[in-house]
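In what follows, a structure is listed as structure tokens, so that the remarks can point back to it.
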Amino acid sequence: MKVNRIVANIAVPSHEAMQAAQHFYGELLGLELLMDHGWIATYGNAAKMTVQMSVATEGGAGTPVPDLSIEVDDVDEAFTRMQAAGIAIEYGPADELWGVRRFYVRDPFGRLVNILSHR
């Protein structure tokens, strides 16, 4: 047996909150709406990714463990989009010793999101 995919599921309080997900994950981060059944919406893209899951005692550099880590091709562009949208930056941007540039924000549902690029 092998794991083919890991999907993060985020509980939201209402159907109206699904619009906030579309704004944050769809518009700001550029993910496509791949599936929408009304009660669940899945965002992603056609890129093939490795299956990964992390467990951690901290988020590195003394930060809290993020709920999600999203790797982007241009972390500074993502940072600019989040700032322009009025999303509070909780950490960074920072060039970390382990070779990533990253920052933390909270999604509309309070999840701590680590947005990063490998240097």
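On a predicted model such as this, the values are computed, not experimentally measured, just so you know.
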Q) Would you say Met53 has more than 12 foreign heavy atoms packed within less than 6.0 Å of its CE? A)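 No.
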
(Q) Is it the case that over 12 heavy atoms from other parts of the model lie below 6.0 angstrom from the CZ atom of Arg5? (A)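 Not buried by this count: 12 neighbours or fewer within 6.0 Å.
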
Q: Please lay out, stage by stage, how Met35 and Ile40 fare under the test side-chain contact (heavy atoms from CB on, under 4.5 Å).
A: CA-CA 8 Å; Met35 178 186 75; Ile40 185 172; 4.0 Å; yes

For residues [X] and [Y], report the shortest heavy-atom separation together with the two atoms involved.
X	Y	answer
Trp98	Ala61	CH2-N, 3.7 Å
Asp74	Glu77	OD1-N, 3.0 Å
Gly59	Pro66	CA-CD, 4.1 Å

Q) Looking at CD of Glu71 and CZ of Arg102, how far apart are the two atoms once the value is rounded to the nearest 0.5 Å? A)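 Going from the CD atom of Glu71 to the CZ atom of Arg102 covers 13.0 Å.
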
I'd like to check [X] versus [Y] (side-chain heavy atoms, cut-off strictly below 4.5 Å). Are they in contact?
X	Y	value
Glu96	Thr63	no
Arg111	Arg106	no
Asp73	Ser117	no
Tyr104	Pro64	yes
Gln52	Ile6	no

Q.
Apply salt bridge (Lys or Arg N to Asp or Glu O under 4.0 Å) to residues Arg101 and Asp76 and explain how you reach the verdict.
A. CA-CA 9 Å; Arg101 181 167 174 75; Asp76 293 315; 2.9 Å; yes

Q | His15 side-chain N/O to Gly38 backbone N/O, donor-acceptor pair under 3.5 Å | A | yes

**Q.** Glu58 (side chain) donor-acceptor with Gly62 (main chain) under 3.5 angstrom
**A.**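 A pair under 3.5 Å: yes.
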
(Q) Using a 4.5 Å cut-off between side-chain heavy atoms of Ile, Leu, Val, Met, Phe, Trp and Tyr, which other residues end up in the same hydrophobic cluster as Val72? (A) Ile10, Val12, Met18, Phe24, Tyr25, Leu28, Leu29, Leu31, Leu33, Tyr43, Leu68, Ile70, Val75, Phe79, Met82, Ile87, Ile89, Phe103, Val105, Phe109, Val113, Ile115

